[in-house]
Amino acid sequence: MARILRRRWKLVATSSAALAALALIYIFILATTLYTATSTVFVDPRRTTAIESNQSSVETSNYGTDDATIDSEAMLIQSIAILQRVVEKLKLTSDEEFNPPPNVLDYIKSFFKTAGPEGGASPQDAAIARAVDILQRRMKVARQGTTFLVDINVSSQSPRKAAMIANAVSDAYFEEQVRAKNDATKIAATWLNGQIDELKSRVVASEKAVEDYRAANNLTVSQGVTVNDQQLTDLNNQLIAARVQTAEARAKYEQARQLSKNGGDPGGINAAISSDVIARLRTQYADIAKNEADLLSKYGPRHPSVAAVHAQLRDTQRLIDDEIKRILQSTQHDYDVARSREASLQQNFDQLQGVATSSGQAQVRLRELQREAEANRTLYESYLARYKESTAQQALQLPDSHVVTKASIPISPSWPKKFLILGLALTLGLGIGSVLAFIADYLDERVKTLDQAEEISGVPALAAVPLISAGELAGRAKRGRSELDRYDPKTTTLLPAPLQPPLMRYAIEAPGTFFAEAVRSIRLALQRTMRVQPVKVVLVTSALENEGKTTLAANLAQSLATLGIKTLLIDGDLRNPQLTRSLCPHAETGLLEIATGRAPVERAILVDPSTGLSILPSTTIKRAEFITELMFSEQMVDVLDHCRHRYELVVIDSPPLVPLVDGRALAELADRIVLALAWDQTPGEVLSHTMDLLAPVHDRILGTVLTRVDLSRLRFYDYYQSSAYLKPYATSGLTVEAAR
């Protein structure tokens, strides 16, 4: 990301400078100087009227204490209703600042507006609306943090007017609060008055319904309990007592019946033991038995007195037995009576319980009616109390807010904020420039790195040939001035080395430079291939014109020749023989003459004595269709075959591939192809198209070479191929000036 911004810094700087210039024009020419006055208002949500009680003040408070309430009050301050009151009070419609005359922009806006219905707003209403709209834009209401303090900021061209309007807005806000509370109180009182009569009749009707239902369902209440419930409780207590009595009588009866059944002494039952009659009879029986014993001892058993005593004993025993029998019968009778009484009470209890069940269902309805009556009564009392309070409040209403600080006349302008606007412009410019830089970099598909060239082409990237500065080339060209006086312009031989373009011999004249190192990298790749495969003809071409292929071909051929390799450099671009114009501009015999048989090969080939490089130039041809036919002819094949036998390596400077078919024809005759790509100039899609054109000879492509590479800029794309990485190994400086 940083690399993108650094390589596109001009675009970022241009955007920032443009916005900064616009900001300065706005600040010093277009902006209107404004002064801002501030009035601070305290919004008190807990204020109540003077006649409210503690309870009612809590219940009927019109405001809350949450943030939404305070923000709502802030929005109310800048509402149209309040601002319209301010405009009318201060007569701002006659102020040109708030009701300026129409300008050209207004006429343009009115032209595009849809025509309104006839009989619309009057001119006075339109003026008020325009003044309110301008005042809304000139005013800002802001809450101070999370407090109840609200600042009313009003800006105007006049400091005094700004303070006057700010204070007028706060006054209008208080008046609006009082008016709203009066209106609300009147509406509430009117509505409550209409509801009270209805509620009163509802209370009476609901209470009457309770009493009627109570009487209809025999739900008379005594001491808080219905009569039926009281009877049920009493009868239940009696039933419990009767069950206890029945249990006791049954126990006595079972005891007597068990003794009688087992043949025991019935006198041993509890009722007989506790009987006073039996006790007296037994005492009497004991006395008679004692008397009998005395008589027996005196008179013997046959004495008449003894017989009389025996008769008394028998009578007494009979009386005891009769009494015990009566007690047994009485026990059974008591048990039967207790059972009968319990059964009767149980029957009465069941009947009364059935009545209680139906009465309970009626009580549910009764309680519902009672609740309804109670609710109606409570609501009626509440409405009545509120009506009295509302009636009393109409006499006195106070605003819920008050002024903390009145607006004073400002002494310095608040707009334009020069440093803020300029800072924002610069920041925005940097942001826009950065975005544009990223967009431009994203849309820029020109080849800039060896990896990119290799990825698009699918063949190895051999080297990056750097750009040589124009200053350095001019300095080298000055060395040939002395040779220029001795040079004959009419000669058809090669130009002397000092008169040749410095860039065409740069690799051998500056062997310690990055340029020469890149050429040697290409030479090494070619030599490596020659070791394993027979390679005689190497085609140096490019996709488009002016991509440095001629310079690359000349320097590569010279570099090979300096190694002692017998090398021939052919200018194969018959349409634009740039190589010939640079090295032997007055050559009369070239590739065309040899191919057509008008001259022998030895006559056309020129030799550079400094390197031993042989050069076959090309003379200018005007008939373009003849060139195409020549490239696809057998004569061209014969020429190259002849050169293959006489030279170890033939380097051809080919025409560009995309616009012409000449280069494609030569590519089919070559053993290896070197494709030159102008750095930051050749689009990626053009390279892809070129590779499609070379598809029939794809296996012959040795690789691609980036030419005219600005190493100082390359570090923003590929640091390890840039001058920053290679600088410690350089023997001569390179600059980023433009070259040919």
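These figures come from a predicted structure and were not determined experimentally.
Remark: Ile80 CD1 is loosely packed, at most 12 non-hydrogen atoms of other residues, nucleotides or ligands lying under 6.0 Å away. Counting heavy atoms of neighbouring residues, nucleotides and ligands inside a 6.0 Å radius, atom CD of Glu685 does not exceed 12 of them. Taking a 6.0 Å sphere around CD1 of Ile411, one finds it holds 12 or fewer heavy atoms contributed by other residues, nucleotides or ligands.
Remark: Lys406 NZ to Ile152 CD1 distance equals 10.5 Å, nearest 0.5 Å. One distance of note links CD1 of Ile27 with CD1 of Ile421; it measures 4.5 Å at 0.5 Å rounding. Summarising the geometry, atom CD1 belonging to Ile128 is positioned 4.5 Å from atom CD belonging to Glu88; distances are rounded to the nearest 0.5 Å.
Side chain of Ser340 to main chain of Val337: no donor-acceptor pair is present (N/O by atom type, distance under 3.5 Å, no hydrogens or angles). Side chain of Asn99 to backbone of Asp95: no donor-acceptor contact under 3.5 angstrom is found. Gln157 places no side-chain N or O within 3.5 Å of a backbone atom of Glu97 that could act as its donor or acceptor partner. Although no hydrogens or angles enter the test, the distance criterion places a donor-acceptor pair under 3.5 Å between the side chain of Asn167 and the main chain of Ala407.
A tilted orientation is assigned to the rings of His402 and Phe42, their planes being inclined by 30° to 60°.
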Verify salt bridge (charged side-chain N to carboxylate O under 4.0 Å, His left out) between Glu176 and Arg179, making sure each step is shown before the conclusion.
CA-CA 5 Å; Glu176 178 64 20; Arg179 185 199 63 78; 2.4 Å; yes
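Taking the charged nitrogens against the carboxylate oxygens, Arg377 and Glu374 do have a contact shorter than 4.0 Å, which makes a salt bridge. A salt bridge is defined here as a Lys NZ or Arg NE, NH1 or NH2 lying under 4.0 Å from an Asp or Glu carboxylate O, and Asp133 with Arg137 meets this definition.
No side-chain donor from either of Glu73 and Ser401 sits under 3.5 Å from a side-chain acceptor of the other.
Between Ile82 and Ile77 the shortest heavy-atom distance is CG2-O, 3.6 Å.
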